[in-house]
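Lettering follows sequence order; numbering is per chain, from 1. Every value quoted in this text rests on a predicted model; they were computed, and no experiment measured them.
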2 protein chains.
Amino acid sequence: MPDAYYLQLTEQLRYLITQHATQWEGRLPAERALAERFSTTRVTLRQALAQLEGEGLIHRSNRRGWFVSPARLVYDPTRDAGFNDYVSAQGRQPRTAVLKLETRSHLTAARALGLPDDQPFHHIRRRRYVDDRAVLVESLWVVPERAPELLDIYSGQSLWGLLRGRWGHHLANRSIRMVSEALSPLDAEELLVTPGAAGLNICRAIFDDQQRPIEYDEEHWLHDSLCIRVELSGQQ
Amino acid sequence: MPDAYYLQLTEQLRYLITQHATQWEGRLPAERALAERFSTTRVTLRQALAQLEGEGLIHRSNRRGWFVSPARLVYDPTRDAGFNDYVSAQGRQPRTAVLKLETRSHLTAARALGLPDDQPFHHIRRRRYVDDRAVLVESLWVVPERAPELLDIYSGQSLWGLLRGRWGHHLANRSIRMVSEALSPLDAEELLVTPGAAGLNICRAIFDDQQRPIEYDEEHWLHDSLCIRVELSGQQ
DNA sequence: CAGTGGTCTAGACCACCCA
DNA sequence: GGGTGGTCTAGACCACTGT
């Protein structure tokens, strides 16, 4: 048993939360109320809350309060099932907000796809929700030749579905990178969380079956909102 | 530009660290010294350090101080290259310490492999280092029939190399799960970090080409020490 | 406007690491 | 045994949220 008080507090809060989550409707009492209940200061209380936040049990919405985190979304970044499909398949409600549509160059995308630095892209930035909680923001950089009128028709649907259905692309080869991160002030603001909150960054470069570059994307997830799962068969 | 002082501090420290990393030999000055240099308190200074820790730029060794983090290890959990091989291939020095060897049952492993709850396993617990920094602890649960004398001969080498070379197993099918976590007090102690430090948990269940269960393992990585990369070709 | 979380101060004591 | 990080107190003010 650990002796630091904030670690004991963590356990007591964990118990309290599992007991009262439904009664509280997923929202924790105010920090000052909790600090008083446990006869400690807000600093120590927040240290305990931060522990539970790191575990993914609770999260906070910037300046709004602490909330019990829902179950993680199971996600396989190696498959191209659309967000809407796999969220629905898990009995959750998906939603997408388009934040930006533009055409411009982007160095990182160009390098990831092996194109010249000044290569223009169709850029889509969108925010995606599960059960009305914003869980990720994402930027997609699509090679314009592969999807000429993309920006005119795009309104939040599955991009990969469009690429396959409308333009007949085979998304055959992909290079995926995942790293933990602290959310940038911009990403944090768009996700309504405090800057520096823990996140997971997933980047993908996608090529077709003739190794032609199609698309590059960067996802920024809240760290507690997903569980990555990959199923593989056959020798590697 | 953010206005909170600790965020400005974060930027100043980031600059200071990149400038003086080699001069400091990777170790930051004492918190009190830094707080005085920036005319603030340790609390605020630590808030800034925690930001950089979340980004993976620096880390701390419990009660020892703050250190500049080395480059992340690139790791593909879908391949069965041994730890020693891919660490060496990146010009780094691998090392493994065996913490425990025993035979006993383990509920999680049994369920992941579809075996009875009381199924016994050969259990190996090991700690692995990159350039003398402990970066992960790991527990492996091997079905004894697949590797009968494993515990007698094991001394830190690649387990998958053994399974393939000595017992001729084909590690054909694997189910992989990755989630962010806060390191448990035990894992944190074994990694010499503070309890609750951010980590990444990777679990795998491995079956052979006839769907017979071989092995289940759980890895606990320091969040800042790896970059997961997966390369895929062919339609999914 | 009241209440909330976010930020910050100026201390303090302790356990532990290292010389 | 001196210095370190880890923990904790008892306040304060501010920006923002929600009513």
Original post:
Between B:Arg95 and B:Asn84, does a side chain to side chain donor-acceptor pair (under 3.5 Å) hold up when you go through it step by step?
Top reply: CA-CA 7 Å; B:Arg95 186 156 65 88; B:Asn84 297 311; over 6 Å; no

Subject >> Residue mapping more 5' on DNA chain D - nearest nucleotide basis, B:Glu31 or B:Val43 >> reply: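 Result of the comparison: B:Glu31.
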
Original post:
For DNA chain D, whose closest nucleotide is more 5', that of B:Leu28 or that of A:Tyr5?
Top reply: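 It is B:Leu28 whose nearest nucleotide is closer to the 5' end.
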
Can you tell me how far [atom2] of [N] sits from [atom1] of [X], to the nearest Å?
{"X": "A:Gln51", "N": "D:dG6", "atom1": "CD", "atom2": "C1'", "result": "12 Å"}
{"X": "A:Glu36", "N": "D:dT9", "atom1": "CD", "atom2": "P", "result": "14 Å"}
{"X": "B:Leu45", "N": "C:dA10", "atom1": "CG", "atom2": "P", "result": "14 Å"}
{"X": "A:Leu9", "N": "D:dT9", "atom1": "CG", "atom2": "P", "result": "9 Å"}
{"X": "B:Leu49", "N": "C:dT7", "atom1": "CG", "atom2": "C1'", "result": "16 Å"}
{"X": "A:Asn62", "N": "D:dC14", "atom1": "CG", "atom2": "C1'", "result": "14 Å"}
{"X": "B:Ile58", "N": "D:dG5", "atom1": "CD1", "atom2": "C1'", "result": "13 Å"}
{"X": "A:Phe38", "N": "D:dT9", "atom1": "CZ", "atom2": "P", "result": "14 Å"}

Is it the case that more than 12 heavy atoms not belonging to [X] sit under 6.0 Å from its [atom1] atom?
{"X": "B:Glu36", "atom1": "CD", "answer": "no"}
{"X": "B:Gln19", "atom1": "CD", "answer": "yes"}
{"X": "A:Glu25", "atom1": "CD", "answer": "no"}

Original post:
Base, sugar-phosphate, or nothing for A:Arg60, non-hydrogen atoms under 4.0 angstrom?
Top reply: sugar-phosphate

Minimum-distance nucleotide (side-chain atoms of [X] versus [options]):
{"X": "B:Tyr6", "options": "C:dT7, D:dC8, D:dG18", "value": "C:dT7"}
{"X": "A:Thr44", "options": "D:dT9, C:dG5, D:dG18", "value": "D:dT9"}
{"X": "A:Ala30", "options": "C:dT4, C:dA10, D:dG5", "value": "C:dT4"}
{"X": "A:Arg63", "options": "C:dG6, D:dC8, C:dT7", "value": "C:dG6"}
{"X": "B:Thr41", "options": "D:dT17, C:dT9, C:dT7", "value": "C:dT9"}
{"X": "A:Arg32", "options": "D:dC13, C:dT9, D:dT7", "value": "D:dC13"}
{"X": "B:Gln47", "options": "D:dC8, D:dG18, C:dC8", "value": "C:dC8"}
{"X": "A:Arg46", "options": "C:dA10, C:dA12, C:dG5", "value": "C:dG5"}

Original post:
Less than 3.5 Å between a donor and an acceptor, one on the side chain of B:Arg42 and one on the base of D:dG6, is that the case here?
Top reply: yes

Original post:
Taking the six-membered ring for Trp, are B:Phe83 and B:Trp221 parallel (under 30°), tilted (30 to 60°) or perpendicular (over 60°)?
Top reply: tilted

Original post:
So does A:Asp224 pair up with A:Arg133, basic N to acidic O under 4.0 Å?
Top reply: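 Result for this pair is yes, salt bridge flagged.
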
Original post:
Start at the 5' end of DNA chain C and walk down; is the nucleotide closest to B:Arg64 or to A:Thr194 reached first?
Top reply: A:Thr194

Subject >> Residue-phosphate contact under 4.0 Å: A:Thr40 side-chain N/O, D:dT9 OP1/OP2 >> reply: yes

